[in-house]
Q: 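I'd like to ask some things about the structure below.
If you're wondering where the values come from, they're calculated on a predicted model, not measured in any experiment. Per chain, numbering begins at 1; letters A, B, ... match sequence-line order.
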Amino acid sequence: MRRSLLAGPVLEVAPRLLGMVLRSTTSEGSVAVRLTEVEAYDGPTDPGSHAYRGQTARNAVMFGPAGFLYVYFTYGMHFCMNVVAGPKGQPSAVLLRAGEVIEGIELARLRRNQPASKKSDRDLARGPARLCVALGIEREGNGTDLLAKNSPIELLDGPGFDGEPATGPRVGLREAADRPWRFWIPDDPTVSPYRPHVPKKRA
DNA sequence: CTGCAGATTATCT
DNA sequence: GATAATCTGCAGT
């Protein structure tokens, strides 16, 4: 994977990531997934982006060069991860939403606390928070260079994906929910189900 | 399959 | 103080 492939406009970079491989290696072992679903976040112009209101401690990685990992914590219990795209200083990123585990499936099952079964294996990395759990990625992964030699989290040229990606609205956002910036591999069973934003009732 | 409630805390206003 | 780029379990179709 060349960094120049990630340094372009995020709406071009996002579909390009479909079929690429992300591998994470820890003391427990390695898990790799083939990416099947992503979403684009275009900082300066996108009210749905964490970078829309400027730089903060949390989103600082998005303001750096392409090819680094932006990990954030949300809903009080989940991690999600993005690949930083776009030219440096123009904050944009691609949320990695789902993948198919192609290596280290036993470790992924252990982390996700799921039994071995063809039915549940499909769910191992189906959704952004599940993807992070399967790969063992938490806040210390924030800022990792995915293209560095011997990086614990690496982005590799995978089988790729020929054909037209499916597109549609992003999942779970309140702001700018209408922009069709979610991309996925059509008919792939590991793609997550669509869920619209639901405001929380208060007591 | 769909829909809803509840969990739980870093982050921003 | 309110909210969130979510997940799980449970009930119903």
Side-chain angles (χ1 to χ4, degrees), chain A residues 10-11 13-15 17-18 22 33 35-63 68-86 91-101 108-115 117-143 165-184 187-203:
Chain A
V10 69
L11 290 177
V13 172
L17 288 175
L18 295 175
L22 188 69
V33 301
L35 299 172
T36 59
E37 180 189 0
V38 300
E39 279 176 4
Y41 287 84
D42 193 2
T45 61
D46 178 3
S49 169
H50 287 170
Y52 183 60
R53 288 170 181 84
Q55 184 168 348
T56 65
R58 175 172 73 159
N59 66 22
V61 175
M62 287 178 106
F63 289 77
F68 284 65
L69 194 68
Y70 166 48
V71 180
Y72 68 90
F73 184 67
T74 191
Y75 287 100
M77 62 196 100
H78 296 302
F79 292 97
C80 298
M81 62 178 156
N82 300 248
V83 176
V84 174
S92 66
V94 181
L95 173 68
L96 306 183
R97 287 199 55 87
E100 175 195 4
V101 177
R109 286 178 188 138
L110 190 68
R111 285 172 172 158
R112 291 266 298 117
N113 197 22
Q114 287 206 7
S117 93
K118 200 162 192 183
K119 192 168 253 186
S120 67
D121 282 350
R122 164 181 99 145
D123 289 341
L124 286 173
R126 190 184 190 214
R130 291 167 169 184
L131 179 63
C132 283
V133 172
L135 291 179
I137 291 172
E138 300 191 347
R139 52 176 6 100
E140 67 272 14
N142 189 46
T167 66
R170 295 176 292 185
V171 176
L173 277 76
R174 182 179 60 177
E175 304 285 346
D178 52 318
R179 303 189 186 188
W181 289 354
R182 176 182 180 225
F183 301 88
W184 66 94
D187 302 318
D188 191 292
T190 65
V191 172
S192 70
Y194 177 73
R195 292 193 195 80
H197 174 78
V198 271
K200 272 210 161 178
K201 285 195 300 191
R202 40 150 292 178

Q: Using a 4.0 Å heavy-atom cut-off across all strands, classify A/R58 as base, sugar-phosphate, or nothing.
A: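 A/R58: backbone/sugar contact only, no base atoms under 4.0 Å.
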Q: With nearest nucleotides of DNA chain C determined for A/R126 and A/H197 from heavy-atom distances, which residue corresponds to the more 5′ nucleotide?
A: A/H197
Q: Which is true for A/R182 with a 4.0 Å heavy-atom rule: it touches a base, it touches only sugar-phosphate, or it touches nothing?
A: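 It contacts nothing in the nucleic acid.
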Q: To the nearest angstrom, how far is A/H50 atom NE2 from B/dA10 atom P?
A: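 Taking atom P of B/dA10 as the reference, NE2 of A/H50 is at 16 Å.
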Q: Check this for me: A/D178, atom CG, are more than 12 non-hydrogen atoms of other residues, nucleotides or ligands nearer than 6.0 Å?
A: yes
Q: Tell which nucleotide pairs with B/dC4, taking only Watson-Crick or G-U wobble pairs whose two distances are both under 3.5 angstrom.
A: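 WC or wobble partner is C/dG9.
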Q: For C/dT3, which nucleotide in any strand shown is its Watson-Crick or wobble partner with both distances under 3.5 Å?
A: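 Pairing partner: B/dA10.
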Q: May A/F73 be described as stacking on the base of B/dA10, applying a 5.5 Å centroid limit and a 30° limit on plane angle?
A: no
Q: How many Å lie between CD on A/E175 and P on C/dA2, as a whole number?
A: 18 Å
Q: Nearest whole angstrom, please: distance from the P of C/dA4 to the OH of A/Y52.
A: 16 Å
Q: Starting at CD of A/E37 and ending at C1' of C/dT6, how long is that distance when rounded to a whole Å?
A: 13 Å
Q: Relative to the ring of A/F79, is the ring of A/F73 parallel (under 30°), tilted (30 to 60°) or perpendicular (over 60°)?
A: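 Tilted: the ring planes of A/F73 and A/F79 meet at 30° to 60°.
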Q: By nearest atom, which of the nucleotides C/dA5, B/dC12, C/dT6 is closest to the A/Y75 side chain?
A: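 Per side-chain heavy atoms of A/Y75, the pick is C/dT6.
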Q: Between atom CZ in A/F79 and atom P in B/dT11, what is the gap in whole Å?
A: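 To the nearest whole Å, that distance equals 10 Å.
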Q: Relative to the 5' end of DNA chain B, which residue comes earlier, A/H78 or A/R139, by the nucleotide with the nearest heavy atom?
A: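 With A/H78 and A/R139 compared, the 5'-side residue is A/H78.
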Q: Assess, by modelled atom type and distance only, whether the side chains of A/R97 and A/S192 contain a donor and an acceptor separated by less than 3.5 Å.
A: yes
Q: Among the nucleotides C/dA5, C/dT8, B/dT13, which one has an atom lying closest to any side-chain atom of A/R130?
A: C/dT8
Q: Could you give the CE-to-P distance, from A/M62 to C/dA5, as a whole number of Å?
A: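 Taking atom P of C/dA5 as the reference, CE of A/M62 is at 12 Å.
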Q: If you only use heavy atoms from C-beta on, which nucleotide in B/dA7, C/dT6, B/dC12 is closest to the side chain of A/T56?
A: B/dC12
Q: Starting from C1' on C/dG9, measure out to CD on A/Q114 and report it in whole angstrom.
A: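 It works out to 14 Å between those atoms.
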Q: Please give, in whole Å, the distance from C/dA4 P to A/Y41 OH?
A: 13 Å
Q: Among B/dT11, C/dT6, C/dA5, which nucleotide sits nearest the side chain of A/A129?
A: C/dT6
Q: Quick one: is A/R174 getting a side-chain N or O under 4.0 Å of the C/dA2 phosphate, OP1 or OP2?
A: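 No, because none of the side-chain N or O atoms of A/R174 sits under 4.0 Å from OP1 or OP2 of C/dA2.
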Q: Which is true for A/L95 with a 4.0 Å heavy-atom rule: it touches a base, it touches only sugar-phosphate, or it touches nothing?
A: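 Base contact - A/L95 has a heavy atom under 4.0 Å of at least one base atom.
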Q: Before we go on, tell me: are the rings of A/Y70 and A/Y72 under 6.0 Å apart, centre to centre?
A: yes
Q: Answer yes or no: is there an ion pair linking A/R170 with A/D46, defined by an N-O contact shorter than 4.0 Å?
A: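 Yes, charged N to carboxylate O under 4.0 Å.
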Q: Considering only NZ, NE, NH1 and NH2 on the basic side and carboxylate oxygens on the acidic side, decide whether A/D123 and A/R126 come within less than 4.0 Å.
A: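 A/R126 and A/D123: salt-bridged.
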Q: Select base, sugar-phosphate, or nothing to describe what A/G127 touches, counting heavy atoms under 4.0 Å on all strands.
A: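 Touches sugar-phosphate only.
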Q: From C/dA5, B/dC12, C/dT8, pick the nucleotide closest to the side chain of A/R195?
A: C/dT8
